[in-house]
Each structure stands twice: as structure tokens, then as C-alpha cells.
There are 2 protein chains.
Amino acid sequence: MTGIGITSNQRGRNVAEGLATAIHEHRLSPGMKLNEDEVGEIFGVSRTIVRSALQTLSHAQLVVIEPNRGAFVARPSIREAREVFEARALLETRTAHSAATRATPEDIALLKRHIDEEHRAFDAGETGRALRLSGDFHIEIARIANQATIAAFVRQLVARSSLIIALYWRRRQATCESHAHHALLKALEAHEADRAKELMTSHLVDLLSLLDLTEPTDAPASLKEAFRLP
Amino acid sequence: MTGIGITSNQRGRNVAEGLATAIHEHRLSPGMKLNEDEVGEIFGVSRTIVRSALQTLSHAQLVVIEPNRGAFVARPSIREAREVFEARALLETRTAHSAATRATPEDIALLKRHIDEEHRAFDAGETGRALRLSGDFHIEIARIANQATIAAFVRQLVARSSLIIALYWRRRQATCESHAHHALLKALEAHEADRAKELMTSHLVDLLSLLDLTEPTDAPASLKEAFRLP
DNA sequence: TATTCCCGGATTGTATACGATTTTCGCCTC
DNA sequence: GAGGCGAAAATCGTATACAATCCGGGAATA
């Protein structure tokens, strides 16, 4: 569930999701140019559809459209990085709290499977997929909280976090992640709302503190290889 | 500043703003069909631009696009109404608090002028404009809080509130509004952050409690008359 | 009269054509 | 070799054409 906003346009939605997933899995890096013809060729659609998808992504702030110059994968500034995590702390303490009071055994089971899969992906060296799954964990909690409006914001912020991590994450200890998620899961399962809230706060503070918020190095790459085409 | 998300498309942006303002001022009612040709004719642009604008508005959840059926001004459900005000309470307590610590004399002066204009519009019987200005007051506070990420969310929520009010507001005492705004202003001016926070909370709770959250009556109308065309 | 079916008009979905703008790159000058 | 200039190529912005879909109304039937 790598959801962006609601598009009516089914094909445009598919393209947007494809690009978003690639961004979440760090196959597309911040700053990369998204040429309309090229994207269209990759997904087998016309520029009309591609433009619709790019507009969708720009609303989610995953993409920046520069007039007459084209669309680029967004490069969140240091300031934006802080803002995103601050907003997440504000919103996700709420979702964690609410999810703890509402979580059903099925929800817990789902989250467990999520963590397992995240672990497996990480052990298999599929760091991109692991990263995406780790974001999905937060989105799942927002869904359980049963507040669609806030959940939509969280989805957006998690997506942007993925770009922030791509830009500012330089250390390699990605393991702490799943420990924090496991602790959160336990709190949710025991319906300890206040504890879940605190765990979420410290988890997000941890994440932010692990970032190296200095000017990022450039990391260009090719669009086609992100989608494994010749 | 009736801002929606960032569109590159300048013309599409203008159309989106025009429609959004009309929604804020209750000239376009929830459920109204937004025919692409008709909108295009009103703004003097082709359907390409209109579609872009409608997509923008659908991301802001001011418009719902039903595949193969067209775009309609959104009709927030009772549940959505509660969710929006709950999210606003969460986000705007933060913006109020932060704005109170940061507000400069210029900010205060701007807010004062805002309230005055709101008053004037209300006294002049321009309830639509008064309504929009009252929303802008909240957006201005979010701007002063200097947290662009949260401010963008607040803008969206304020815009949706306008639809909610159009649907569920049945009493006629719109006066309480500006009293609450005035009290808030005083707290901001005195840098009483905690007080500003509490005032904001109770203001939003008040607003929600003044709504009649029962199934709304239909209120159809014509698109062209919303823009005063023959 | 109520119901179903089918067709024509209206409206949306998508591709494509063409003008506008930017980018690239060879060439000239200094 | 650096820098500036200009034309060609690449790319984006918008309108329009055509296909796909939906909607409403009238005829046929029971």
C-alpha cells in the first residue's frame, strides 16, 4: 500500500504508484530528472498520462515541477527534513495512541507479519524493499487508528521521509529500526496507549537524530536502470 | 491567499484558485457538477487546463472525480467533518502555540487588519467573503508559526472546513467567530503561547459543536451563476 | 401503466499535433 | 583555452481530434 492521493485516472494512478514505489525503494534518487517521454515509454502510456502522474506526485511533494524545465525527484532541504519529522511526531503520536486503543488481534497479526517481512527483506540484502516496508509499518498504524484524514497526511510524510533518508542517511545501522517497531507492536498489543505514544515519539526522534543533516552529496543515476530496462 | 498545493501549471493554478475561492465563498455548493467544457468556457482555457485544475482540487479533497462521470464539488460526510476538525485541533494547537512565541508586531498588525476586514465584510452582508477571510485568519497563523509542512496541511483542512460549513451549518450566529479570533489575537500579541493553544482548541471545538451533523439537504445550483455569467 | 431495451447525444479519457521554451553544442572571437 | 553567440535538437505547454463511456428518452412488450 504505497498510496498517494486519490486519482480518478486509473492509468495515471498506476504510473504514479510505480514511480512512488521506485522512490520509496531508493531506485530513483533525489534530483533525478523525470523526462516525460522516457517515463511514458517505460510505462507504455502517452505523455498525457505521465503528466497526470507527475502532477499527482508533485502534490505529494515527491516531485518538483519546474515550469518549462520538467519534473525532478524532490530534494528535501535540511529544514524540510526537520519539519517533516516534527510533523510526523505530532501526527503519529496521535495515531499510535489511537491504534493502541483500537488494535484488534487481526491488526496485530498483520503488523507482526509486516515486521517479519521487513526482517527477511533486510537479511536478504534487499535494503530498498526493507526501507519501504518499514515505512509501510507506520502507515499501517495510521490506518488502524481509523482516522483517514490524519492517515493521509502520515502517508505523505512517510513518503517524503524516504527521500530524506536517501539524502541524509550516511551511517549503516538500519537494524535499530525493527527493534523500535517490535517494541511498538508490543505496546499496541497490550493496549498501552500512552506507552505506544512515547515509543513512537522516541522512535521518530531517534530516526531524525541518526540523520546527518549537512549539505548532501549529489547522486545522479539513470531513469531506465531504475526500472531494469536496456 | 486561498492557496492550494503547488502546481507548476500557471493557468491550471489560476483555474484551481478561482474554483477554490468560489467554494470558499459558498458560490459553489457541495455536490455540484463541474463540467469540463463549461469550466473551460468560464475561464477561457481548454479542457486540458481544466482537467489539471480539477485534479489539483481533487488532491486537496475539495473535488471528487468519479471515473467516466466527471468532477463534483466534494460533499464531506459527517464522519469526515469530525475528522477534519479533530485534525485541525491537533495541528492548529501547535500552530497557535508556535505563532504566539514567534509573532512579530508586523504579524500582529496583519492579523488585526484581517479581523477588521472580516468584520467589514460581515457587516456589509458579504457572508461568503467573510467566511473566506475567517478561514484565512487560521491560515495566517499557520504561516506565522513558520512550519511550512504543517501549514500546508492546515490550508487543506481549512478549505475542507468551508465545505463542511456549507453542508452542516444551519444556525445563523456567525458572530462568535470574530470574538474568538480577537481573543486569539490578544494571546498571540502577548506571547502567551499556552493560552493561545487553549483558545484555539476551544475555538475549534466551538465551531464543531455549532454544526448540525445530521444528513444534509441537497442544494443544487448552477455553475455559471456562481461566476455571474449569462 | 410499468418495465426493459436500445439508440443518439453528451461527456469524459487518451493520444497526438504543433507552438513555445529551454538546452545543447559547434563555432567564432579574444 | 575560456567565454560568448546562434542555430538545431530536445523537451515542455496547450489545444484539439477521436475513441470510450455514460445518460436520457422513446419504442416495444407485457
Side-chain angles (χ1 to χ4, degrees), chain A residues 4-19 28 31-59 61-75 218 220-224 226-227 229, chain B residues 4-19 28 31-59 61-75 218 220-224 226-227 229:
Chain A
I4 301 300
I6 293 107
T7 319
S8 78
N9 195 325
Q10 188 55 53
R11 305 225 262 154
R13 184 205 203 79
N14 288 340
V15 175
E17 293 249 346
L19 291 172
L28 290 176
M32 193 180 295
K33 171 98 192 266
L34 298 172
N35 180 293
E36 295 180 357
D37 281 325
E38 220 169 330
V39 174
E41 200 180 349
I42 287 168
F43 288 93
V45 297
S46 81
R47 279 180 55 222
T48 306
I49 309 295
V50 174
R51 292 193 116 239
S52 161
L54 292 175
Q55 200 187 327
T56 297
L57 293 172
S58 92
H59 284 123
Q61 300 196 251
L62 290 184
V63 152
V64 172
I65 297 178
E66 300 185 21
N68 281 316
R69 295 206 52 244
F72 302 82
V73 179
R75 300 179 94 254
D218 284 3
S222 120
L223 180 57
K224 290 200 175 168
F227 291 94
L229 292 184
Chain B
I4 302 299
I6 294 107
T7 319
S8 78
N9 195 325
Q10 188 56 50
R11 306 224 258 154
R13 184 205 203 79
N14 287 341
V15 174
E17 294 248 345
L19 291 171
L28 290 175
M32 191 180 296
K33 171 100 192 262
L34 299 172
N35 181 295
E36 295 180 356
D37 280 325
E38 220 168 328
V39 175
E41 201 180 349
I42 288 169
F43 289 93
V45 296
S46 81
R47 278 180 56 222
T48 306
I49 309 295
V50 174
R51 293 194 117 237
S52 162
L54 291 175
Q55 200 186 326
T56 297
L57 293 171
S58 91
H59 285 122
Q61 299 198 252
L62 291 184
V63 152
V64 172
I65 296 179
E66 299 185 21
N68 283 315
R69 295 205 50 245
F72 302 83
V73 179
R75 301 179 92 254
D218 283 3
S222 118
L223 181 57
K224 289 199 176 169
F227 292 94
L229 293 183

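Excluded from the calculations below are hydrogen atoms, water molecules and symmetry mates; all remaining heavy atoms, backbone and side chain alike, are included. Numbered from 1 within each chain, the chains take letters A, B, ... in sequence-line order.
The CG atom of A:N68 sits 11.0 Å away from atom CD of A:E66, with the distance rounded to the nearest 0.5 Å. To the nearest 0.5 Å, the span separating CD on B:E38 from NZ on B:K33 amounts to 9.0 Å. For the atom pair B:N14 CG and B:L19 CG, the distance stands at 11.0 Å (nearest 0.5 Å). A:H59 contributes atom NE2, which lies 8.0 Å from atom OG of B:S58 (distance to the nearest 0.5 angstrom).
We find that CG of B:L34 is positioned 13 Å from P of C:dT11, with the value rounded to whole Å. D:dC23 atom C1' lies 13 Å from atom CG of B:N35, rounded to whole Å. Residue A:D37 contributes atom CG, which lies 13 Å from atom C1' of D:dA9 at whole-angstrom precision. Atom-to-atom, CZ of B:R47 to P of C:dT16 comes out at 17 Å; the value is rounded to the nearest Å. In this structure, the CD1 atom of B:I65 is 12 Å from the P atom of C:dT14, given to the nearest Å. Atom CZ of A:F72 and atom P of C:dT22 are 13 Å apart (whole Å). Atom CD in B:E38 sits roughly 13 Å away from atom P in C:dA10 (whole-Å rounding). When rounded to the nearest whole Å, the span between CD of A:Q10 and P of C:dT12 equals 19 Å.
When the side-chain nitrogen and oxygen atoms of A:R11 are compared with OP1 and OP2 of D:dA20, none of them lie within a distance under 4.0 Å. Listed pair A:S46 / C:dA15 meets the phosphate criterion, a side-chain N or O lying under 4.0 Å from OP1 or OP2. The phosphate of C:dT12 (OP1 or OP2) has no side-chain N or O of B:N68 nearer than 4.0 angstrom. In this model, the phosphate group of C:dA10 is not approached by any side-chain N or O of B:K33 to a distance below 4.0 Å at OP1 or OP2. Contact check, B:N9 against D:dT14: a side-chain N or O comes under 4.0 Å of OP1 or OP2.
Under the 4.5 Å side-chain criterion, counting only non-hydrogen atoms from C-beta, B:R13 is not in contact with B:T56.
In terms of position on DNA chain C, the residue among A:I49 and B:G70 whose nearest nucleotide sits closer to the 5' end is B:G70. When the nearest nucleotides of DNA chain C are assigned to A:R69 and A:T48 by heavy-atom distance, the more 5′-ward of the two goes with A:T48.
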